[in-house]
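Have a look at the structure below, then the notes.
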Amino acid sequence: SIFAQPFSALMKRNWISFLILASLITPGFKPHPKKPVVPQKPVQHLILITTDGFRWQEMFKGADPDLLQDPDYTPQGETLSWLYDGDTPEERRERLMPFFWRVIAKQGQLYGNRQHNNKVNTANAYSISYPGYNEILTGNTDLGIFSNGKKNNPNRNILEYMNSQPEFEGKVAAFSSWDVFPHILNEKRSKLPINSGYDSLSLATETSAYLNRLQEEGIYKKEHTRHDRLTFIAAKEYMAEKHPRFVFLGLGETDEFAHQGRYDLYLQQANEFDRMVGELWHWIQTTPEYKDNTTLIITTDHGRGQRDARWTGHGLHIKGSSQTWLAMLGPNIPALGEVKEEQQIWQKDVAGLAVGMMQGK
């Protein structure tokens with residue numbers, strides 16, 4: 001991989017991690033019998049979107065009825081049941097994620113429904129955020145990245161790589177709610193425009209000024225993460241003014257609410273994420289610079305524990321944490337909908353998929 005660091009450097013950095021975890025590294029990508037379906041010519045614009053720690057179970061089965069009825073995780077569950085419960089998984093998932101199931105499932109592709117043995121997994125064994133985003137953004141499983149600490153990533157990322165290509169230079173940008181992303185993307189080395197956490201937005205627009213003022217007042221300010229809606233507004237405003245060709249949008253509140261044990265807020269944020277993706281797609285299709293020439297790749301950095309109390313967490317020792325999902329939508333993406341054939345995709349393949357789309361390979 002053009003993004004992978006030399007094996008010898010990895011070994012020198014972390015002998016202990018290598019000895020403990022080498023046996024856990026997953027094999028390479030096993031292609032879909034019909035091959036995942038990538039455009040045969042370069043895409044003009046690509047937006048890579050993530051929502052942190054959102055389980056495949058809710059994506060493909062909707063709200064879990066047991067967790068909806070558990071007052072420890074869902075206060076006032078009756079209200080949430082009115083919104084998100086249903087007689088079948090298909091009904092529940094469409095109530096929770098209407099854009100995904102009414103639009104992407106008809107016009108795009110969805111991978112990761114393990115009920116059909118269609119699997120998407122992290123290749124790293126840690127199943128936490130920084131290692132997951134490193135995989136998504138570099139195509140590299142790095143044993144030396146095993147925490148969420150603010151350490152500059154030694155691996156070259158796909159935004160950095162595409163920004164080095166003449167046709168994309170100056171047309172790449174990243175927006176994130178979590179303030180660790182400047183380190184994941186190694187802002188110091190890459191020199192990428194990265195708006196993360198509560199960074200101000202340097203645009204001469206009314207929306208930008210209002211957003212900056214709102215962030216500065218800090219009425220609802222959190223310590224390490226910005227509210228996803230603010231990140232979304234910043235990204236869309238930048239796209240409207242600068243028209244970048246490759247954008248990364250990293251959202252995070254699904255994971256935050258799950259860690260708090262609030263299944264109600266986790267569901268509401270998943271629904272809000274679906275709404276933001278839908279709003280973005282509508283904006284794309286009504287904006288001349290992006291209409292009919294923009295592709296979305298959407299995924300998550302890790303899974304979570306399963307139906308017992310461990311659903312709130314994730315990590316090396318929590319079963320289900322490596323299980324993720326993938327969605328794609330765009331004018332050149334064949335409309336396969338929910339892919340139900342047996343398949344194994346690895347999270348680290350997203351980087352190559354994105355670059356391949358942009359370069360038409």
Side-chain angles (χ1 to χ4, degrees), residues 3-5 9-10 12-18 20-21 48-54 122-161 163 172-202 212 215-216 218 220-228 230-232 234-235 247-260 299-302 304 313-316 318 321 347-348 350-351:
F3 312 113
Q5 62 181 339
L10 184 150
K12 289 176 183 176
R13 278 209 327 278
N14 209 311
W15 271 100
I16 296 175
S17 290
F18 178 80
I20 293 174
L21 295 171
L48 174 57
I49 307 172
T50 59
T51 186
D52 201 296
F54 183 54
T122 66
N124 76 84
Y126 307 114
S127 297
I128 59 175
S129 291
Y130 195 146
Y133 290 120
N134 172 67
E135 281 191 6
I136 293 168
L137 294 165
T138 74
N140 180 32
T141 301
D142 187 340
L143 294 173
I145 296 175
F146 52 85
S147 78
N148 288 333
K150 291 182 176 180
K151 171 186 175 183
N152 281 332
N153 194 339
N155 303 297
R156 193 182 192 193
N157 63 73
I158 55 176
L159 284 82
E160 186 177 4
Y161 170 72
N163 197 49
V172 176
F175 293 82
S176 72
S177 296
W178 191 30
D179 66 3
V180 178
F181 270 99
H183 300 273
I184 297 173
L185 294 170
N186 202 330
E187 184 177 29
K188 183 178 180 180
R189 182 195 66 224
S190 67
K191 310 300 183 185
L192 292 167
I194 303 171
N195 183 280
S196 183
Y198 286 89
D199 288 345
S200 295
L201 189 61
S202 300
N212 292 339
Q215 292 187 159
E216 289 165 5
Y220 299 107
K221 196 168 185 177
K222 297 181 287 183
E223 186 175 357
H224 297 293
T225 59
R226 172 169 56 189
H227 292 281
D228 284 345
L230 299 180
T231 303
F232 173 77
V247 176
F248 170 70
L249 175 59
L251 304 175
E253 288 183 301
T254 41
D255 187 70
E256 290 181 45
F257 290 130
H259 280 302
Q260 294 172 21
T299 189
T300 188
D301 56 328
H302 57 73
R304 317 195 70 79
H314 56 90
L316 177 63
I318 299 180
S321 298
Q347 182 171 260
K348 63 184 180 180
V350 172

Less than 4.5 Å apart, side chain to side chain, heavy atoms only: is that true for Asp255 and His302?
yes
Take Ser177 and Thr225 through the test side-chain hydrogen bond (donor to acceptor under 3.5 Å, both in side chains) and record every step on the way to the result.
CA-CA 5 Å; Ser177 296; Thr225 59; over 6 Å; no
Under the side chain to side chain contact (heavy atoms under 4.5 Å, CB included) test, residues paired with Asn148 that sit two or more places apart:
Ile128, Ser129, Tyr130, Pro131, Trp178
Across all chains, not counting sequence neighbours, the ring-ring contact (aromatic ring centres under 6.0 Å, His included) partners of Phe248 are Phe181
Applying ring-ring contact (aromatic ring centres under 6.0 Å, His included), can you list everything that pairs with Phe232, at least two apart in sequence or on another chain?
none
Once you round to the nearest 0.5 Å, how far does OG1 of Thr50 lie from CG of Leu249?
7.0 Å
Kindly give the heavy-atom pair with the smallest separation between Asp142 and Tyr126, and that separation in Å.
O-CE1, 4.4 Å
Heavy-atom pair with the smallest gap, counting every atom of Ala123 and Thr141:
CB-OG1, 3.4 Å
Sole candidate of Asp301, Asn153, Asn140 that passes side-chain hydrogen bond (donor to acceptor under 3.5 Å, both in side chains) when paired with Asn134
Asn153
Closest approach of Leu185 to Ala174 (non-hydrogen atoms, all atoms of both residues)
CD1-CB, 3.6 Å
Heavy-atom distance under 4.5 Å between the side chains of Asp52 and Tyr133, does that happen here?
yes
Could you check Gln215 against Leu201 for side-chain contact (heavy atoms from CB on, under 4.5 Å), going step by step and ending with a plain yes or no?
CA-CA 10 Å; Gln215 292 187 159; Leu201 189 61; over 6 Å; no
Measuring from Leu159:CG to Thr138:OG1, what's the distance to the nearest 0.5 Å?
11.5 Å
Got a second to check how far Asp228's CG is from Thr51's OG1, nearest 0.5 Å?
6.0 Å
Partners meeting ring-ring contact (aromatic ring centres under 6.0 Å, His included) with His259 (sequence neighbours left out):
His314
If you round to the nearest 0.5 Å, how far is OG1 of Thr300 from CG of Leu251?
10.5 Å
Can you measure from NE2 (His227) to CD (Glu253) and round to the nearest 0.5 angstrom?
6.0 Å
Search all heavy atoms of Tyr161 against all heavy atoms of Arg156 and return the closest pair with its distance.
CD1-NH1, 3.7 Å
On a heavy-atom basis, which atom in Asn152 and which in Pro182 lie closest, and how many Å separate them?
OD1-O, 4.4 Å
Measuring from Asn157:CG to Ile136:CD1, what's the distance to the nearest 0.5 Å?
12.5 Å
So the salt bridge (charged side-chain N to carboxylate O under 4.0 Å, His left out) pairs with at least one residue in residues 173-190 (sequence neighbours excluded) are Lys150-Asp179, Glu160-Arg189
Please name the pair of heavy atoms, one in Gly139 and one in Ala351, separated by the smallest distance, quoted to 0.1 Å.
N-CB, 3.4 Å
Ile145 side chain near Asn124 side chain, heavy-atom distance below 4.5 Å
no
Partner of Phe175 by side-chain contact (heavy atoms from CB on, under 4.5 Å), out of Ile194, Asn195, Leu230:
Asn195
Not counting sequence neighbours, list each pair that qualifies as a salt bridge (charged side-chain N to carboxylate O under 4.0 Å, His left out) and has a residue in residues 127-136.
none
